[in-house]
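I have placed the structure first, in the form of structure tokens, so that the comments after it can refer back to it.
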Amino acid sequence: MESGLGRGSGFLRGPQNAQWFKNLVANPSVVLERPGADGRIERIETTAVVTEGVDRARIAEQVRQLGSQLDDFEAEAGRPMPIVVLGC
């Protein structure tokens with residue numbers, strides 16, 4: 001994965017993933033909306049990918065370096081938090 005937006009998923013830091021994550025896995029086609037340069041809403045169709053292996057480890061380390069509480073969330077949940085990347 002070269003670039004994109006990422007989002008971790010937790011459900012009250014418990015043993016289950018949040019419903020939004022389950023929905024995203026079931027239907028990974030998404031539309032991102034963001035302000036365009038002209039101030040109007042820009043819509044970007046993309047696909048959500050749940051990271052695994054080396055990609056997940058690399059992104060998790062980047063998230064940690066940003067001061068994330070990822071380690072705390074994972075310790076409390078007793079499992080790795082899924083990390084989703086939205087290609088842009």
Side-chain angles (χ1 to χ4, degrees):
M1 312 218 157
E2 294 300 316
S3 65
L5 299 173
R7 176 72 166 100
S9 174
F11 180 66
L12 303 176
R13 301 181 189 169
Q16 298 181 19
N17 290 320
Q19 188 60 48
W20 71 260
F21 175 77
K22 294 174 186 177
N23 292 340
L24 200 58
V25 169
N27 184 8
S29 296
V30 298
V31 178
L32 301 175
E33 294 184 346
R34 66 180 182 189
D38 61 2
R40 292 193 283 179
I41 298 297
E42 178 182 9
R43 295 174 54 89
I44 303 166
E45 294 184 21
T46 189
T47 302
V49 177
V50 179
T51 60
E52 296 178 335
V54 175
D55 282 332
R56 189 203 179 278
R58 180 180 53 79
I59 294 169
E61 183 55 33
Q62 291 172 346
V63 168
R64 287 182 186 98
Q65 290 177 5
L66 293 172
S68 164
Q69 296 175 316
L70 180 62
D71 292 330
D72 295 338
F73 293 156
E74 291 182 338
E76 194 171 330
R79 65 184 174 89
M81 293 287 112
I83 299 176
V84 175
V85 173
L86 305 176
C88 295

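Note that the structure is a prediction, hence the values are computed from the model and not measured.
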Distance-only, no hydrogens or angles: does the Glu74 side chain make a donor-acceptor pair with backbone N or O of Arg79 under 3.5 Å? no
For Glu52, does the CD atom sit with more than 12 other heavy atoms under 6.0 Å from it, leaving out its own atoms? no
Looking at side-chain heavy atoms only, is the closest gap between Val30 and Leu86 below 4.5 Å? yes
Minimum side-chain heavy-atom gap Val25-Val50 below 4.5 Å: yes
Does any non-hydrogen side-chain atom of Arg34 lie less than 4.5 Å from one of Ile44? yes
Does a sphere of radius 6.0 Å around CD in Glu45 hold more than 12 heavy atoms from other residues, nucleotides or ligands, not counting ones at 6.0 Å or beyond? no
Can you tell me if Arg64 uses its side chain to pair, donor with acceptor, with the backbone of Ile59 under 3.5 Å? no
So, for Pro80 and Arg56, which heavy atoms are closest and what is the spacing to 0.1 Å? CB-NH2, 3.9 Å
Between CG of Leu66 and CD of Glu61, what distance do you get to the nearest 0.5 Å? 10.0 Å
How long is the gap from CD on Gln69 to CE on Met81, to the nearest 0.5 Å? 12.0 Å
Under the 3.5 angstrom rule, does the side chain of Thr51 hit a backbone N or O of Ile83 as a donor-acceptor pair? yes
Start with the C-alpha gap between Leu32 and Arg43, add the side-chain angles, then the distance that decides, and say whether side chain to side chain contact (heavy atoms under 4.5 Å, CB included) holds. CA-CA 6 Å; Leu32 301 175; Arg43 295 174 54 89; over 6 Å; no
Of all heavy-atom pairs between Asn17 and Lys22, which one has the smallest distance, and what is that distance? O-CE, 3.3 Å
